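Values below: every heavy atom of this structure, side chains too, minus hydrogens, waters and symmetry copies. Note that this is a predicted model, so its numbers are computed, not measured. Numbers here simply count residues along the sequence, with the first being 1.
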Amino acid sequence: MSLAVARRHPFLKVPAMTAMLASDLPLPLVGRGKVRDLYAVGEDRVLLLTTDRISAFDVVMAETIPMKGAVLTQISAWWFDRLEGVVPHHMISADADIIVGEVPALQAHRAALAGRAMLCRRTTVFPIECVIRGYLSGSAWKEYAAQGTLAGEKLAPGLVESARLEPAVFSPATKAATGHDENITVKRMGEIVGDEVADTLERMARAVYALGEATARGHGIIIADTKFEFGRDREGRVLLIDEVMTPDSSRFWAADAYQAGRPQPSFDKQPLRDYLDTERRAGRWNGEAPPPALPAQVVEATSRRYLDAHRRVTGAALKVEATG
């Protein structure tokens with residue numbers, strides 16, 4: 001982030017970090033997702049490291065977004081702390097000193113861990129995205145406007161775009177390795193994971209969303225919709241895993257600007273999406289990899305959005321020590 005940007009946004013008092021495209025740690029690499037690198041720590045723990053990679057329209061950009069990985073990790077850690085006693089989860093620690101103490105092989109890599117790494121309990125992941133929709137927006141609005149349904153289930157007639165859904169709708173989806181996840185019915189979810197597990201996942205997802213929605217509203221944010229992932233640990237417990245109510249997994253709206261009947265401005269990667277939309281309309285990008293190069297102002301604007309989301313959700317500016 002440039003000094004000029006920092007001066008325009010004095011609340012973003014964050015020391016410079018080295019942007020990370022990919023990590024290289026002395027642990028067995030389990031896999032790399034669009035944003036996260038996953039390492040094995042023995043047989044019962046994993047290290048989840050969030051890079052500064054960013055994707056849009058299912059394409060990973062060549063450029064990184066400074067501070068993005070730290071924002072996603074620290075927002076998730078903030079929520080996990082507040083979910084103690086609500087639902088069991090996988091986070092052990094997101095503190096670099098504690099992680100190095102638990103995994104001495106990482107001592108020389110502490111700078112790479114700072115802010116962006118989380119030590120977690122290892123689970124077998126359920127192949128379901130557990131989506132909670134508190135408002136009718138995005139793909140849900142498109143389906144409802146065309147068919148009056150959400151994932152094939154009928155909703156009340158006469159709803160408008162961005163209308164509040166009371167109660168919130170549980171809308172599961174299958175996890176896709178590439179491309180878009182596919183919305184499915186709760187009945188189909190039960191066929192995939194079993195009715196008992198399906199009931200447990202829905203109950204836990206609703207409990208997390210209820211706490212998150214109420215907490216965020218107190219900070220002037222509406223969580224319009226969000227998605228959760230769950231896994232089962234070696235003791236058989238179902239745990240909330242991955243990220244929780246971040247700008248990447250949720251749709252955040254400003255409560256004081258909310259107005260039903262129209263799209264809402266959100267705290268996410270909208271500057272990036274807007275730029276890519278412009279490139280597609282101009283015929284300079286076909287919507288597939290490789291993506292167009294991102295101008296510096298788009299990278300900076302997107303970074304500011306993530307930092308602003310952290311401040312609004314947690315009530316504090318992101319504080320991560322310099323690593324560059």
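A donor-acceptor pair is defined here as one N or O able to donate and one able to accept, closer than 3.5 Å; such a pair exists between the side chain of Gln264 and the backbone of Arg262. Judged by distance alone, with hydrogens and angles left aside, the side-chain atoms of Arg232 form a donor-acceptor pair with the main-chain N or O of Gly236 at under 3.5 Å. Glu161 places no side-chain N or O within 3.5 Å of a backbone atom of Ala260 that could act as its donor or acceptor partner. Not one N or O on the side chain of Asn183 forms a donor-acceptor pair closer than 3.5 Å with the backbone of Ala173. No side-chain donor-acceptor contact under 3.5 Å links Arg311 to the backbone of Leu307. A donor-acceptor contact shorter than 3.5 Å is absent between the side chain of Ser266 and the backbone of Arg251. No side-chain donor-acceptor contact under 3.5 Å links Tyr39 to the backbone of Val46. No side-chain donor-acceptor contact under 3.5 Å links His89 to the backbone of Leu240. Between the side chain of Asp52 and the backbone N or O of Gly69, at least one donor-acceptor pair lies under 3.5 Å.
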Please list every donor-acceptor pair under 3.5 Å in which a side-chain atom of residues 193-209 meets a protein atom from a residue at least two apart or in another chain.
| from | atom 1 | to | atom 2 | distance (Å) |
| --- | --- | --- | --- | --- |
| Thr200 | OG1 | Glu196 | O | 3.1 |
| Glu202 | OE2 | Arg206 | NE | 3.1 |
| Glu202 | OE2 | Arg206 | NH2 | 3.4 |
| Arg206 | NH1 | Ala168 | O | 2.8 |
| Arg206 | NH2 | Ala168 | O | 3.2 |
| Tyr209 | OH | Ile223 | O | 2.7 |

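Remark: Leu155 CG to Leu165 CG distance equals 6.5 Å, nearest 0.5 Å. Distance CD/Glu102 to CG/Asp95: 11.0 Å, rounded to 0.5 Å. Between the NZ atom of Lys68 and the CZ atom of Arg116 there is a distance of 10.0 Å, given to the nearest 0.5 Å. Here the CZ-NE2 distance, from Arg217 to His219, works out to 13.0 Å after rounding to the nearest 0.5 Å. In this structure, Ser137 OG and Ile222 CD1 are separated by 11.0 Å, a value rounded to the nearest 0.5 Å. Rounded to the nearest 0.5 angstrom, Leu272 CG and Leu276 CG are separated by 4.5 Å.
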Working for side chain to side chain contact (heavy atoms under 4.5 Å, CB included), residues Lys319 and Gln74: CA-CA 9 Å; Lys319 294 182 176 64; Gln74 295 306 313; over 6 Å; no

Run the numbers on Leu106 and Leu27 for side chain to side chain contact (heavy atoms under 4.5 Å, CB included), then give the verdict. CA-CA 8 Å; Leu106 297 176; Leu27 296 172; 3.9 Å; yes

List the steps, then state whether side chain to side chain contact (heavy atoms under 4.5 Å, CB included) holds for Lys227 with Ser250. CA-CA 7 Å; Lys227 64 180 179 179; Ser250 313; over 6 Å; no

So Asp81 and Met91, side chain to side chain contact (heavy atoms under 4.5 Å, CB included) or not? Walk me through it. CA-CA 9 Å; Asp81 284 342; Met91 186 180 79; 3.5 Å; yes

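Hydrophobic clustering (ILVMFWY, side-chain heavy atoms < 4.5 Å, transitive): Leu83 and Val313 are in one cluster. Both Met67 and Ile54 belong to a common hydrophobic cluster when Ile, Leu, Val, Met, Phe, Trp and Tyr are linked at side-chain heavy-atom distances under 4.5 angstrom. In the hydrophobic cluster analysis, where Ile, Leu, Val, Met, Phe, Trp and Tyr join through side-chain heavy atoms closer than 4.5 angstrom, Met245 is grouped together with Phe170. A chain of hydrophobic side-chain contacts below 4.5 Å, direct or via other Ile, Leu, Val, Met, Phe, Trp or Tyr residues, connects Val59 to Val35. Hydrophobic clustering (side-chain heavy atoms under 4.5 Å, transitive across Ile, Leu, Val, Met, Phe, Trp, Tyr) keeps Leu294 apart from Met20.
Contact of the Val131 side chain with the Thr226 side chain is not registered, since no non-hydrogen atoms from C-beta on lie closer than 4.5 Å. For the pair Phe230 and Val125, the minimum side-chain heavy-atom distance is 4.5 Å or more. Counting heavy atoms from C-beta outward, Arg312 and Phe252 have side chains that stay 4.5 Å or more apart. Looking at Leu239 and Val87, their side chains never come closer than 4.5 Å, going by heavy atoms from C-beta outward. For the pair Arg36 and Leu72, the minimum side-chain heavy-atom distance is below 4.5 Å. Contact of the His90 side chain with the Leu48 side chain is registered, since non-hydrogen atoms from C-beta on lie closer than 4.5 Å. Within the 4.5 Å cutoff, the side chain of Arg122 has no heavy atoms near those of the Glu43 side chain. Under the 4.5 Å side-chain criterion, counting only non-hydrogen atoms from C-beta, Thr64 is not in contact with Thr51.
Between Ala62 and Leu21, the shortest heavy-atom distance links the atoms O-CD1, 4.1 Å. Scanning both residues, Pro271 and Thr302, for their nearest heavy atoms gives CB-OG1, 3.8 Å. Between Pro292 and Glu279, the shortest heavy-atom contact is CG-CG, 4.1 Å. In terms of heavy-atom proximity, Ala77 sits nearest to Ala94 at CB-CB, 3.8 Å. When all heavy atoms of Leu49 and Ala112 are compared, the closest pair comes out as CD1-O, 4.0 Å. The minimum heavy-atom distance between Arg133 and Ser139, with the atom names listed, is NH2-OG, 3.7 Å.
Using modelled atom types and a 3.5 Å distance limit, the side chains of Thr149 and Glu143 yield a donor-acceptor pair. Using modelled atom types and a 3.5 Å distance limit, the side chains of Thr73 and Thr50 yield a donor-acceptor pair. Residues Glu243 and Ser76 bring no donor and acceptor atom of their side chains to less than 3.5 Å of each other. Side-chain N/O atoms of Glu300 and Ser303 include no donor and acceptor closer than 3.5 Å.
The environment of CG in Asn286 is crowded: more than 12 heavy-atom neighbours from other residues, nucleotides or ligands sit within 6.0 Å.
Pairs engaging residues 98-138 under the ring pair (Phe, Tyr, Trp, His ring centres under 6.0 Å) rule: Tyr135-Trp253, Tyr135-Tyr258 [sequence neighbours left out]. Contacts classified as ring pair (Phe, Tyr, Trp, His ring centres under 6.0 Å) and involving residues 278-317 (residues at least two apart or in different chains) are not found.
Comment: Arg305 does not engage Asp308 in a salt bridge, judged by the lack of any side-chain N to carboxylate O separation of less than 4.0 angstrom. Between Asp44 and Arg234 there is no salt bridge, since no side-chain nitrogen of the basic residue lies less than 4.0 Å from a carboxylate oxygen of the acidic one. A salt bridge does not link Glu153 to Arg188: none of the charged side-chain nitrogens sits closer than 4.0 Å to a carboxylate oxygen. With respect to the salt-bridge test (charged N to carboxylate O, under 4.0 angstrom), the residues Arg53 and Asp37 qualify.
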